[in-house]
Amino acid sequence: MSVSFSAWTARGRGSARLAAGALVSGLVAATVLAGAGTAAADGGTAPGHSGATATIDGLKTYGAAVIRGAAGDTHVSAGLFEMSVEGGGMLQTYCVDVHTPTQKDAKYHETAWSGTSLGINEDAGRIRWILRNSYPQVNDLAALAEKAGVRGRLTEQDAAAGTQVAIWRYSDDVDVDAVDPQAEQLADYLQKNARDQSEPKASLTLDPPAVSGRPGERVGPVTVRTDARSVTVSPPADAAAAGVRIVDEKGAPVTTAADGSKIFFEVPEDAEAGTVALTAQASTTVPVGRAFVSESRSQTQILAGSSESTVSATASATWAEKGAIPALSARENCARGGVDLTVTNQGDEPFTFELAGAQHTVPVGGSGTVTVPLNEDQPYDFTVEGPPGFQKRFTGMLDCRTRAAEVGTTTQTLTAPSATPLADTPSDINLAATGASDATPWIAGTAIALVVLGGAGLVITRQRQTTSED
């Protein structure tokens, strides 16, 4: 089931109408109703996607665990997953949603906690402490066992299982124990000693991801935020025809940047109205504790270890000679149960649009944020149109609650994979040494009845006005 929103341009300059769409069962649909000569938007922009993108390879180092429930005990596998990063690199992760199955070869992207169940979990900081103080960040298992008071030998499988069990106790609020005594002792130690820690910063992001201005100006700035030593900045693929250059505040061309660098789109004075995007790319280790989500409803992951990996981010610029000149960006906001759509206007006329029958205006030099309310686990696809030729489409799926939080734990039926012989991790991968297997997906979730919506609305949750946008 999918929620679809439609959008179209009003006849007056600077106006856009965004209307609630219909529910479409079994598919993702986006209908763009535009004025004559306006083409439908191609492709889609996923809110807030920057950093690493990876494909899950499966559960690689794990042991056994038991979830206690009113309907009886459920046996599951607990441990480390591995992911292959697009562009190069490997990640190790634990899951933070025990009752949601992992989809084979699902694609994941790095995201802020606010777009996941971690964003509404007051214990998310304790989970990060567990990650930083256990396996694989601590790969001296003898020292870890001694510190945790583990009696007996602690294997990699025990360490991975014990760490995952401790995480589940905070992420899913479930009564879960590790089967192996050493793994259970480690889990108890980690749970008891976990302390709140702050959310890690993104491996790479561009802030803001969308800017606007007039021809003949340097449109921006866009600030680079990264822990990488250096970032490669690639100009827009179609910038040559428009003559757009990527420069610093002094007008010097920019091909590389660092954390805190401010970059601009230099638009020729005679350029026709348009929009282009640049790409920033770097190689770095992704910070422990970063969240990874998939739009295929594969269980949310949290980063436990990273090799040197490729990360990227994009930013766009829109310009016009006169009228409203909007810039739009979006991010998933689990605290508000939807997608926050932020609109800025650097034109010489207000940007007016209608939502759910109410008209709203972003003044010249101002900004406003709209929350598009969405149902849990529902794909979304909506397009906003502005002045003639301007379109911005957003797609994704909201995944803000663990399955345990949605329906409880008593109705779930989980199955664990059969253990297979472990193979060595390639020595040239800069990860803590682990065993690995070709285990099949380790849990299978039961079907959950989809909630049928009577209609989807768009609601303004807050709007602010400023005289300038930094």
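Residues take their numbers from the sequence shown, with the count starting at 1.
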*Asks:* Tell me the closest heavy-atom pair linking Thr402 and Ser171, and the distance in Å.
*Replies:*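 The answer is CG2-O, 3.6 Å.
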*Asks:* Answer with yes or no whether the side chains of Gln281 and Thr232 bring together a donor and an acceptor at under 3.5 Å.
*Replies:* no
*Asks:* Without swapping roles, check the side chain of Asn121 against the backbone of Ser117 for a donor-acceptor pair under 3.5 Å.
*Replies:* no
*Asks:* For the backbone of Leu118 and the side chain of Thr116, can you confirm whether one donor and one acceptor N or O come within less than 3.5 Å of each other?
*Replies:*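 Yes; judged by distance alone, with no hydrogens or angles, the pair exists.
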*Asks:* CD of Gln157 to CG of Leu80: how many Å apart, nearest 0.5 Å?
*Replies:* 10.0 Å
*Asks:* Could you go through Asp172 and Asp97, starting from their C-alpha distance and side-chain angles, then the distance that decides it, and tell me whether this counts as side chain to side chain contact (heavy atoms under 4.5 Å, CB included)?
*Replies:* CA-CA 6 Å; Asp172 292 70; Asp97 190 353; 3.8 Å; yes
*Asks:* Could you check if a side-chain atom of Glu295 sits within less than 4.5 angstrom of a side-chain atom of Tyr108, using non-hydrogen atoms only?
*Replies:* no
*Asks:* Identify, with sequence neighbours excluded, every residue that meets salt bridge (Lys or Arg N to Asp or Glu O under 4.0 Å) alongside Asp158.
*Replies:* none
*Asks:* Report yes or no: does Arg128 contribute a side-chain atom to a donor-acceptor pair with the main-chain N or O of Ser198 at less than 3.5 Å?
*Replies:* yes
*Asks:* Looking only at side chains, do Tyr170 and Glu122 share a donor and an acceptor under 3.5 Å apart?
*Replies:* no
*Asks:* Do Asp105 and Thr55 have a side chain donor and acceptor closer than 3.5 Å?
*Replies:* no
*Asks:* So Tyr380 and Glu332, side-chain hydrogen bond (donor to acceptor under 3.5 Å, both in side chains) or not? Walk me through it.
*Replies:* CA-CA 11 Å; Tyr380 59 85; Glu332 288 159 357; 2.6 Å; yes
*Asks:* Show the nearest heavy-atom pair for residues Gln301 and Cys95, with the distance to one decimal.
*Replies:*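 Closest approach of Gln301 to Cys95, heavy atoms only: NE2-CB, 3.6 Å.
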*Asks:* Got Phe265 and Val222 here, is their nearest side-chain heavy-atom distance under 4.5 Å?
*Replies:*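 In short, these two side chains touch, coming nearer than 4.5 Å.
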*Asks:* Rounded to the nearest 0.5 Å, what separates atom CG in Leu398 from atom CD in Glu376?
*Replies:*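 Going from the CG atom of Leu398 to the CD atom of Glu376 covers 6.0 Å.
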*Asks:* Distance-only, no hydrogens or angles: does the Gln182 side chain make a donor-acceptor pair with backbone N or O of Thr155 under 3.5 Å?
*Replies:*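 Looks like no, no N/O pair under 3.5 Å.
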*Asks:* If you take all heavy atoms of Arg290 and Glu110, which pair is closest and at what distance?
*Replies:* NE-OE2, 2.7 Å
*Asks:* Given 3.5 Å as the limit, does a donor-acceptor pair link the side chain of Ser261 with the main chain of Asp259, or not?
*Replies:* no
*Asks:* Can you check side chain to side chain contact (heavy atoms under 4.5 Å, CB included) on Ile67 and His99, steps first, answer last?
*Replies:* CA-CA 10 Å; Ile67 299 176; His99 289 302; 3.9 Å; yes
*Asks:* Looking at every non-hydrogen atom in both residues, tell me the closest pair between Cys400 and Ile120 and how far apart they are.
*Replies:*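 Closest heavy-atom pair between Cys400 and Ile120: O-CD1, 3.3 Å.
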*Asks:* Taking atom types as modelled, find out whether Thr369 and Asp340 have a side-chain donor-acceptor pair closer than 3.5 angstrom.
*Replies:*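 The criterion, which ignores hydrogens and geometry beyond distance, is not satisfied for Asp340 and Thr369.
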*Asks:* Give a yes or no on whether the backbone of Ala183 and the side-chain of Asp180 come within a donor-acceptor separation of less than 3.5 Å.
*Replies:*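 The answer is yes, because a donor-acceptor pair under 3.5 Å joins these two groups.
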*Asks:* Roughly how far apart are Trp129 CH2 and Asn193 CG, rounded to 0.5 Å?
*Replies:* 5.0 Å
*Asks:* Between atom CD1 of Ile263 and atom CG of Leu206, what is the distance when rounded to the nearest 0.5 Å?
*Replies:*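 The CD1 atom of Ile263 sits 5.5 Å away from the CG atom of Leu206.
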*Asks:* Side chain to side chain contact (heavy atoms under 4.5 Å, CB included), that's the test. Do Met83 and Met90 meet it? Break it down for me.
*Replies:* CA-CA 6 Å; Met83 294 187 184; Met90 293 292 293; over 6 Å; no
*Asks:* Contact between Val233 and Thr256 at the side-chain level, heavy atoms closer than 4.5 Å - yes or no?
*Replies:*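 No, side chains not in contact.
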*Asks:* For the side chain of Trp113 and the backbone of Gly289, is there at least one donor-acceptor N/O pair under 3.5 Å apart?
*Replies:*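 Confirmed, Trp113 side chain pairs with Gly289 backbone.
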*Asks:* What's the verdict on side-chain hydrogen bond (donor to acceptor under 3.5 Å, both in side chains) for Asn333 and Ser114, showing C-alpha distance, side-chain angles and the deciding distance?
*Replies:* CA-CA 6 Å; Asn333 185 341; Ser114 61; over 6 Å; no
*Asks:* Say whether Ser294 and Ser296, considering side chains only, have a donor N or O and an acceptor N or O under 3.5 Å apart.
*Replies:* yes
*Asks:* Can you see which heavy atom on Ala304 is nearest to which on Val288, and at what distance?
*Replies:*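 For Ala304 and Val288, the tightest heavy-atom pair comes out as O-CG2, 3.8 Å.
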*Asks:* Would you call Leu204 and Arg225 a side-chain contact if the rule is heavy atoms closer than 4.5 Å?
*Replies:*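 Contact flag for Leu204/Arg225 side chains = no.
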*Asks:* Can you measure from CD1 (Ile302) to CG (Leu91) and round to the nearest 0.5 angstrom?
*Replies:* 13.0 Å
*Asks:* Under a 4.0 Å threshold between the charged nitrogen and the carboxylate oxygen, would Arg68 count as salt-bridged to Asp177?
*Replies:* yes
*Asks:* Closer than 3.5 angstrom, by distance alone: can the side chain of Thr100 be matched with the main-chain N or O of Gln299 as a donor-acceptor pair?
*Replies:* no
*Asks:* Look only at the side chain of Thr226 and the backbone of Ser203, and say whether a donor-acceptor pair between them is shorter than 3.5 Å.
*Replies:*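 Side chain of Thr226 to backbone of Ser203, a donor-acceptor pair under 3.5 Å: yes, one is there.
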*Asks:* Between Gln191 and Ile130, is any pair of side-chain heavy atoms under 4.5 Å apart?
*Replies:*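 No, every pair of side-chain atoms sits at 4.5 Å or beyond.
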*Asks:* Which distance, rounded to the nearest 0.5 Å, do you find between the CG of Leu186 and the CG of Leu154?
*Replies:*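 With rounding to 0.5 Å, CG (Leu186) is 6.0 Å from CG (Leu154).
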*Asks:* Specify the closest pair of heavy atoms between Ala159 and Tyr94, including all atoms of both residues, with the distance to one decimal.
*Replies:* O-OH, 4.3 Å
*Asks:* Please determine whether side chain to side chain contact (heavy atoms under 4.5 Å, CB included) holds for the pair Thr284 and Ser309, giving the CA-CA distance in whole Å, both sets of side-chain angles, and the decisive distance to 0.1 Å.
*Replies:* CA-CA 5 Å; Thr284 187; Ser309 298; over 6 Å; no
*Asks:* State, yes or no, whether a side-chain contact exists between Asp381 and Arg393 at a heavy-atom distance under 4.5 Å.
*Replies:* yes
*Asks:* Within the 3.5 Å criterion, strictly below it, is a donor on Thr318 or Thr275 matched to an acceptor on the partner's side chain?
*Replies:*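 There is such a pair (donor and acceptor under 3.5 Å, judged by atom type) between the side chains of Thr318 and Thr275.
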*Asks:* So do Val311 and Val286 actually touch side chain to side chain, heavy atoms under 4.5 Å?
*Replies:* yes
*Asks:* If the threshold is 4.0 Å, N to carboxylate O, is there a salt bridge linking Asp188 and Arg169?
*Replies:*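 Yes, this pair counts.
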*Asks:* Are the side chains of Leu341 and Phe394 in contact, using a 4.5 Å heavy-atom criterion?
*Replies:*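 Contact flag for Phe394/Leu341 side chains = yes.
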*Asks:* Quick check against the 3.5 Å criterion: does Asn345 have a side-chain atom that pairs as donor or acceptor with the backbone of Val362?
*Replies:* yes
*Asks:* Determine whether the side chains of Gln103 and Arg297 contain a donor N or O and an acceptor N or O closer than 3.5 Å.
*Replies:*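 There is no such pair (donor and acceptor under 3.5 Å, judged by atom type) between the side chains of Gln103 and Arg297.
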